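One structure below.
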Amino acid sequence: MTHKPGKFLTFEGGEGLGKTTNIPFVQDYLQGRDIRVVTTREPGGTQLAEKIRQLLLDTKGETIFEQTELLLMFAARSQHIQHVIKPALAQGYWVLCDRFTDATYAYQGGGRGISTDAITWLEQWVQGELRPDLTLLFDAPIEIGMARAAQRKATVDRFEAEKLNFFERVREAYLTKAQQNPDRIKTINAEQPLLLVQQDIIAVLDELIGRLPNSA
Ligand code: Z5A
């Protein structure tokens, strides 16, 4: 049996701005339209990639250098793409992924200052033609996300322990990427109450579903 290839949707943005909250909402919305969905996350999504995630988030142990961090992100991504994302898309599932390569441009590029050329080279090598069909970028002033995240959990991981100006650079890099890719990256105002955020998400999803063949 042949399947229509699925769609690859990614969820991006600064810490605490609603990716984790809204992925189940999107999952329910799509399933309500008879779309089969797989949810996953980065770094992570396979046994090995989840182990790499633990290494990356751990605040203890030896210093992780910027290049090492970048390579670990793409090592995890490579496993994730081959084991989860590509097989699911080939079977017609829509893949909802909590962060993907835009996060690398934002955190390792914007935050750490690694050159875009290096990231682009790795993106091409590891992903080949694979790019998200749609990205929801949750955006708000960073203090809002930090306050929400702080309310939710007491401990901080290795990224959350960074200083404010690191997160400002991350936000800037995300917004630049969105400006460069207006068809793919849809920016959602995450400062709004959840109900309004979800109305905006539905508008974006309906637009995508409306463009599918046989969606009349
Ligand atoms: N990273 C990287 O550096 N390079 C890469 O290539 C990749 C990742 C892929 C782990 O990511 C770290 O990996 C990440 C970047 C790095 N580090 N940081 N920072 P992660 O996605 O697992 O971690 P996170 O960004 O810290 O996720 P998070 O804190 O779970 O944020 P979130 O999922 O966007 O937020 P949330 O849990 O949905 O919402 C936070 C709280 O706010 C929660 O209590 C909600 O109920 C509440 N909330 C959500 N929306 C609203 C609205 N609209 N109003 C009021 N309250 C709300």
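Indexing begins at 1, ligand by ligand and atom by atom, following the structure's order. In this text the structure is predicted, and so the values were computed from the model without any measurement.
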Heteroatom distance test (Ala149, ligand 1): nitrogen or oxygen, under 3.5 angstrom: no
4.5 Å side-chain heavy-atom contact, Val26 and Leu205: yes
Residue-ligand contact Arg53/ligand 1, heavy atom below 4.0 Å: yes
Atom 28 (P) of ligand 1 - nearest protein heavy atom and its distance: Arg152 NH1, 3.5 Å
Closest approach of any protein heavy atom to atom 19 (N) of ligand 1, naming residue and atom: Tyr107 OH, 3.6 Å
Atoms of ligand 1 close to Pro43 [distance to a heavy atom under 4.0 angstrom, numbered from 1]: 7 (C), 8 (C), 9 (C), 13 (O)
Contacting atoms of ligand 1, where contact means under 4.0 angstrom from a heavy atom of Gln192: 52 (C), 53 (N), 54 (N)
Close side-chain approach of Leu212 and Lys7, heavy atoms under 4.5 Å: yes
From Ile119, Thr21, Val197 - option closest to atom 45 (C) of ligand 1 by heavy atom: Thr21
Distance from atom 27 (O) of ligand 1 to nearest protein heavy atom, with residue and atom: Lys19 NZ, 3.4 Å
Ion pair Glu123/Arg77, N-O distance below 4.0 Å: no
Residue pair Gln192 / Asn189, side-chain heavy-atom distance below 4.5 Å: yes
Ligand 1 contact by Arg41, heavy-atom criterion under 4.0 angstrom: no
Arg184: which of Thr135, Asp133, Thr10 passes side chain to side chain donor-acceptor pair (under 3.5 Å): Thr135
For atom 17 (N) of ligand 1, the option (of Phe138, Phe167, Phe159) bearing the nearest heavy atom: Phe159
Pairwise side-chain contact, Ile185 with Glu12, heavy-atom cut-off 4.5 Å (strictly under): no
Per-atom contacts, ligand 1 versus Asp98 - under 4.0 Å to a heavy atom: 21 (O)
Nearest protein heavy atom with distance in Å, relative to atom 40 (C) of ligand 1: Gly16 O, 3.6 Å
Heavy-atom nearest neighbour in the protein, as seen from atom 7 (C) of ligand 1, with distance rounded to 0.1 Å: Ala103 CB, 3.6 Å
Contacting atoms of ligand 1, where contact means under 4.0 angstrom from a heavy atom of Glu42: 9 (C)
Set of ring pair (Phe, Tyr, Trp, His ring centres under 6.0 Å) partners for Phe74, sequence neighbours left out: none
Chi angles and distances behind the side chain to side chain donor-acceptor pair (under 3.5 Å) call for Tyr107, Asp102: CA-CA 9 Å; Tyr107 284 81; Asp102 292 315; over 6 Å; no
Ring-face cation contact, Tyr105 with Lys177, 6.0 Å cut, 45° max: yes
N or O pair under 3.5 Å between Asp157 and ligand 1: no
Per atom 33 (O) of ligand 1, closest listed option by heavy atom (Ile23, Thr20, Leu57): Thr20
Within reach of ligand 1, part of Met73 (heavy-atom separation under 4.0 Å): side chain
Protein heavy atom at shortest distance from atom 51 (C) of ligand 1: Arg148 NH1, 3.3 Å
Atoms in ligand 1 flagged as close to Arg77, the criterion being non-hydrogen separation under 4.0 Å: 6 (O), 9 (C)
Heavy-atom nearest neighbour in the protein, as seen from atom 6 (O) of ligand 1, with distance rounded to 0.1 Å: Thr104 OG1, 2.6 Å
Min side-chain heavy-atom separation Phe167-Glu162 under 4.5 Å: yes
Under 4.0 Å to a heavy atom of Gln108 - the qualifying atoms of ligand 1, by number: 2 (C), 3 (O), 4 (N), 5 (C), 6 (O)
Heavy-atom check, side chain of Pro141 versus side chain of Glu191, under 4.5 Å: yes
Arg158/Asp58 ion pair, N-O < 4.0 Å: no
Non-neighbouring partners of Phe138 that pass ring pair (Phe, Tyr, Trp, His ring centres under 6.0 Å), sequence neighbours left out: none
Nearest-contact summary for atom 25 (O) of ligand 1 - protein heavy atom, Å: Arg99 NH2, 2.4 Å
